[in-house]
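Step one of this worksheet: look at the structure below.
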Amino acid sequence: MTFAAIDSSLLGPLFATDAMRAVFSDESRLAAMLKAEAALARAGAKHGLAPKALAVALEKMTPADFDLGLLGVKTADAGVVAIPFVKAVEAKLPEKLRPHFHHGTTSQDIVDTSNALLMRRALDLIEADLAAITAGLAQLARTHRRAPQVGRSYGQHAAPITFGFAVAGWLSGIAEAANDYARVRRLALAASLGGPVGTLAALGEKGPAVAEDFAAELGLETTAIAWHTSRNRIAATGAWLAILVGSLAKIATDVVHLSSTEVGEVSEPHAAGRGGSSAMPHKRNPVSSTVILAAHAASSGLAGTLIASMAAAGQRSAGAWHAEWHALPQLFGLASGALREARALAEGLVVDASRMRANLDLTKGLLFSDAVAAVLAPGLGRDAAHRLVAEAADSVRETGIPLGSALEEKPEIPAALRNAVTAAFDLTPALDAGAAMTDRALAAFKSNPKKR
């Protein structure tokens, strides 16, 4: 029985990438634990606390040397995978090395440190996808910087924008999340070495130096004090992943709407058999957007689990730490699937510029009501101008005549303003404004590469 969709042979490929699933596989986790133990042995050897032969023996071991099923059964009794793992490794060591193995550390140190090693690989994958997505969106925004599109508010036509402007908004949201990548990476990639209650008492005065060397051996950050029950870094990582997925969900939400039959302004890149229906042969469902939105719906709850786990008791918590094992791998998995699909959208979204232009005319000029009211305000006063245009808009809805014609029937409009009212229906100012904002967003994105 599979409890998480990303672990499922049936559902996993839909929601997570194979690369990310491999990062958090049992084999990868076991390899990371072996790597952590070997690093501890090397650090201990530097300070005369372990023979050099211990690290050599540990480095020769691989996950294939262990029965994962048996380790799982014994974990159910122990409550922590590190306990049967340590016993299984110890049984494979020469007897003279056994007293020095796992010396000064505790199960949580090995689990948390191995988790940091896995997160490093996971974050590398995310970084590569982020770079591709932002580059694709930047190009899409440049291409359509002056392509007219309906700006929508509360699902209704509001005022003209450009599609490049809309895409630049997507890009800015993702770039904001990407700007926190380096900070999150520093938080997430920290070694844990504190021993049973975090004081490293078993290593004596050499404890802090061993901890420093242990972290250095693994290329991880070190901390001034044990973080066994200080889970800020894990919660922050999970929250960042959820926010990142949320920024992708903004794109997916727009794509689902814009690709609907009635709107038809964009469509997802299509391949044979993708997005089909078991009942309706004509369907092309937005699979990429669906995967992203599903990840978003699940991510907030998983991030909440990590935040709840911060309420850890004393120097070792019952249950709170264990809950992280469910939430964190799933968050990374869901983020990987969402990023994969967002990359497909950024690099292959099909844009129907002619449909965008046609949709501008659906409301018979109502898109320009704001511009008309602005023209009339100096002569009539803001409130009167707004009221007059609103009345004309009601006539458009009731009779179907264009807004321009409805305004021509308004005697309140001074003759001196008639030409200005006609000019207010010109798309050019809206396109200029949309293009200018697009350029501004692209310049801001280009000028800030180091944070990403």
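- Among pairs with a residue in residues 89-98, none fulfils side-chain hydrogen bond (donor to acceptor under 3.5 Å, both in side chains), at least two apart in sequence or across chains.
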Could you pull out all donor-acceptor pairs under 3.5 Å where a side-chain atom in residues 45-52 meets a protein atom, sequence neighbours excluded?
unit_1	atom_1	unit_2	atom_2	d
K46	NZ	E217	OE2	3.3
H47	NE2	D213	OD2	2.7

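- Applying the side-chain contact (heavy atoms from CB on, under 4.5 Å) criterion to A308, with sequence neighbours excluded, gives no partner residue.
- Considering CG of L339 and CG of L334, their distance stands at 11.0 Å, rounded to 0.5 Å.
- Residues meeting the side-chain contact (heavy atoms from CB on, under 4.5 Å) test with V81, sequence neighbours left out: M33, T75, V111.
- Judged as a side-chain hydrogen bond (donor to acceptor under 3.5 Å, both in side chains), not a single pair has a partner in residues 154-166 (not counting sequence neighbours).
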Name every donor-acceptor pair, under 3.5 Å, that has one atom in a side chain of residues 58-72 and the other anywhere in the protein, sequence neighbours excluded.
unit_1	atom_1	unit_2	atom_2	d
E59	OE2	R42	NH1	2.6
T62	OG1	A64	N	3.3
D65	OD2	T62	N	2.8
D67	OD1	G69	N	3.1
D67	OD1	L70	N	3.0

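- Note on residues 298-322: pairs passing ring-ring contact (aromatic ring centres under 6.0 Å, His included), not counting sequence neighbours, are W321-W325, H322-W325.
- R316 is linked by a salt bridge (Lys or Arg N to Asp or Glu O under 4.0 Å) to nothing, counting only residues two or more places apart in sequence or in another chain.
- Salt bridge R152/D254: absent, no basic N to carboxylate O contact under 4.0 Å.
- Annotation: ring-ring contact (aromatic ring centres under 6.0 Å, His included) contacts involving residues 116-140, sequence neighbours excluded, are absent.
- Partners of R21 according to the side-chain hydrogen bond (donor to acceptor under 3.5 Å, both in side chains) rule, which considers only residues two or more places apart in sequence or in another chain, do not exist here.
- Looking at S260, its side chain never comes within 3.5 Å of a backbone N or O of V256 through a donor-acceptor pair.
- Among residues two or more places apart in sequence or in another chain, the salt bridge (Lys or Arg N to Asp or Glu O under 4.0 Å) test is passed with E37 by none.
- When the side-chain hydrogen bond (donor to acceptor under 3.5 Å, both in side chains) test is applied to R142, the partners found at least two apart in sequence or on another chain are Q139.
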